[in-house]
Amino acid sequence: MRILLTGTSGQLGHALLSHLPATAIVHAPQRAELDLSNATQLRQCITDFKPDLIINPAAYTAVDLAESEAEKAHAINAIAPAIMAEEARKLGAGLIHYSTDYVFSGDKSDAEGNWQAYTEADATGPLNVYGKTKLAGEQAIVASGCQHLILRTSWVYSNFGKNFFLTMLKLARERDQLRVVNDQWGTPNSADWLAAATCEILAQLQQPQDAAAWWQQFGGVYHFSASGKTNWFAFATAIIELADQQNKLGKAAPQISGIPASEYPVPARRPHNSLLSTEKLQAAFGLSIPDWRSTLDACMQSVQAAASAPLNSTTQAQGQAK
Ligand SMILES: NC(=O)c1ccc[n+]([C@@H]2O[C@H](COP(=O)([O-])OP(=O)(O)OC[C@H]3O[C@@H](n4cnc5c(N)ncnc54)[C@H](OP(=O)(O)O)[C@@H]3O)[C@@H](O)[C@H]2O)c1
């Protein structure tokens, strides 16, 4: 199978590159070779390589910056996937595309006010530019009629790239006190697990004789997430406690306190409820869905002790994510 993989300098693309089957012929151009905001270059890349499958974890993911760079975010998150879909349809190729919990407004709750997980059937309603551009990308893929899987995930982290996990570790090594938002709920997802689970789905796609029938049966939008629920403050606490237990801070753990999002103003509005129901995903692919804490533990195991490896994350006071 010939696979065109984007975004390998990002968290999920990097993890996918190490999980894809050795039998696949993978073309993974870097941004210098393929700029997704360059429509001509993107079309050329696809027509030259002639993939059987395009996997697109690349995205404009700077949620706050997107508020002032809407056109750039739209080009990468909406127009580029539209071109991938159009070219995939012409080639009879498949497209696996990743999307986000931020396509929802984050206010789904029951009569008692308890947050309810979003299903694929729920109405979308993005609160920010990033969410709107990702939704436009989804809609273009669906409208193209290409064979596709759109996998919506949330709160992606990894021991690679820029993310909340690495930011919290870095801050915990530098500071004695941290304040983290505690009224936004969701499920953290390790890029490594998302990549491994994507490859489990891919293995199912490769089994049947008739790939077109497989896409016909299984193509569509899926919520793609670990199980369980937490908020950013509780997630930060879990990260730091685990790092402390495994002696990965190099100092005493900082004191962490929870604050409402209203005390941490940022340019982009974020949903209070990012919970995604994975019932459809489990029914279709029979994946076993881990609790987010077990994937966090696996990620922490890969972190080296403080003295031996400086972290490469950017500094943020309180984390929120895409
Ligand atoms: N991170 C989250 O919390 C989160 C949550 C929900 C959904 N998602 C979705 O999950 C997917 C993977 O996210 P991630 O966290 O792995 O993203 P990431 O770490 O921010 O990586 C994004 C990737 O896209 C590439 N990219 C951006 N603009 C590009 C351009 N113009 N041309 C070529 N490549 C470009 C980046 O390349 P450079 O390194 O060159 O910039 C990088 O490789 C995305 O679809 C995202 O929307 C993420």
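Note that ligands are numbered from 1 as they come in the structure, with each ligand's atoms numbered from 1 the same way. Starting from 1, each residue takes its place in the sequence as its number. Computed over heavy atoms, backbone and side chain alike; hydrogens, waters and symmetry mates excluded.
- Between the side chains of S190 and D192, no donor-acceptor pair of N or O atoms lies under 3.5 Å.
- Only side-chain heavy atoms of I76 come within less than 4.0 Å of ligand 1; its backbone N, CA, C and O stay farther off.
- Near D101, the atoms of ligand 1 lying under 4.0 angstrom from a non-hydrogen atom of the residue are 6 (C).
- Taking a cut-off of under 4.0 Å to the non-hydrogen atoms of G10, the atoms of ligand 1 that pass are 18 (P), 19 (O), 21 (O), 42 (C), 43 (O).
- Here the shortest heavy-atom distance to atom 46 (C) of ligand 1, taken over Y130, F224, F164, belongs to Y130.
- Contact annotation for F160 and ligand 1: no heavy atom of the residue comes within less than 4.0 Å of the ligand.
- Between the side chain of N159 and the backbone N or O of S302 there is at least one donor-acceptor pair closer than 3.5 Å.
- Ligand 1 lies nowhere less than 4.0 angstrom from a heavy atom belonging to Y102.
- Residue-level proximity to ligand 1 for K134 is carried by the side chain, the only part with a heavy atom below 4.0 angstrom.
- Residue contacts with ligand 1 do not include A191, since none of its heavy atoms lies under 4.0 Å from the ligand.
- Close approach of ligand 1 to L34 is summarised as follows: ligand atoms under 4.0 Å from at least one heavy atom of the residue are 32 (N), 33 (C).
- If you number the atoms of ligand 1 from 1 as listed, the ones under 4.0 Å from a heavy atom of S9 come out as 36 (C), 37 (O), 38 (P), 39 (O), 40 (O), 42 (C), 43 (O).
- The shortest N/O to N/O separation between G13 and ligand 1 does not fall below 3.5 Å.
- One finds no salt bridge joining E120 and R152 here, because no Lys/Arg side-chain nitrogen approaches an Asp/Glu carboxylate oxygen to under 4.0 Å.
- The backbone of W155, and not its side chain, has at least one atom closer than 4.0 Å to an atom of ligand 1 (non-hydrogen atoms only; backbone = N, CA, C, O).
- Side-chain atoms of T6 come within 3.5 Å of backbone N or O of A58 as a donor-acceptor pair.
- Under a 3.5 Å cut-off, the side chain of K72 and the backbone N or O of Y60 do not form any donor-acceptor pair.
- Close N/O approach between T100 and ligand 1 is not found [any backbone or side-chain N/O within under 3.5 Å].
- Within ligand 1, counting atoms from 1 as listed, the ones closer than 4.0 Å to a heavy atom of T153 are 6 (C), 7 (C).
- If you look at T61 next to ligand 1, the close heavy atoms, those under 4.0 Å, all belong to the side chain.
- Contact annotation: for A80 versus ligand 1, there are no heavy atoms closer than 4.0 Å.
- The cationic atom of R179 (NZ for Lys, CZ for Arg) does not lie both less than 6.0 Å from the six-membered ring centre of Y264 and within 45° of the ring axis.
- Under the 4.5 Å side-chain heavy-atom criterion for Ile, Leu, Val, Met, Phe, Trp and Tyr, I83 and I141 are members of the same hydrophobic cluster.
- At a 4.0 Å heavy-atom cut-off, ligand 1 touches S154 through the backbone alone.
- With ligand atoms numbered from 1 in the order given, ligand 1 contributes 23 (C), 24 (O), 25 (C) to contacts under 4.0 Å with heavy atoms of A58.
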Mind listing the side-chain donor-acceptor pairs of residues 18-26 below 3.5 Å, one per line with the distance, residues two or more places apart or on another chain?
from: S18; atom 1: OG; to: A15; atom 2: O; distance (Å): 3.0
from: H19; atom 1: ND1; to: A15; atom 2: O; distance (Å): 3.0

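- In this structure, a donor-acceptor pair under 3.5 Å is absent between the side chains of D101 and S154.
- At least one side-chain heavy atom of F165 sits less than 4.5 Å from a side-chain heavy atom of V303.
- With contacts defined as side-chain heavy-atom distances shorter than 4.5 Å, the pair R43/E87 qualifies.
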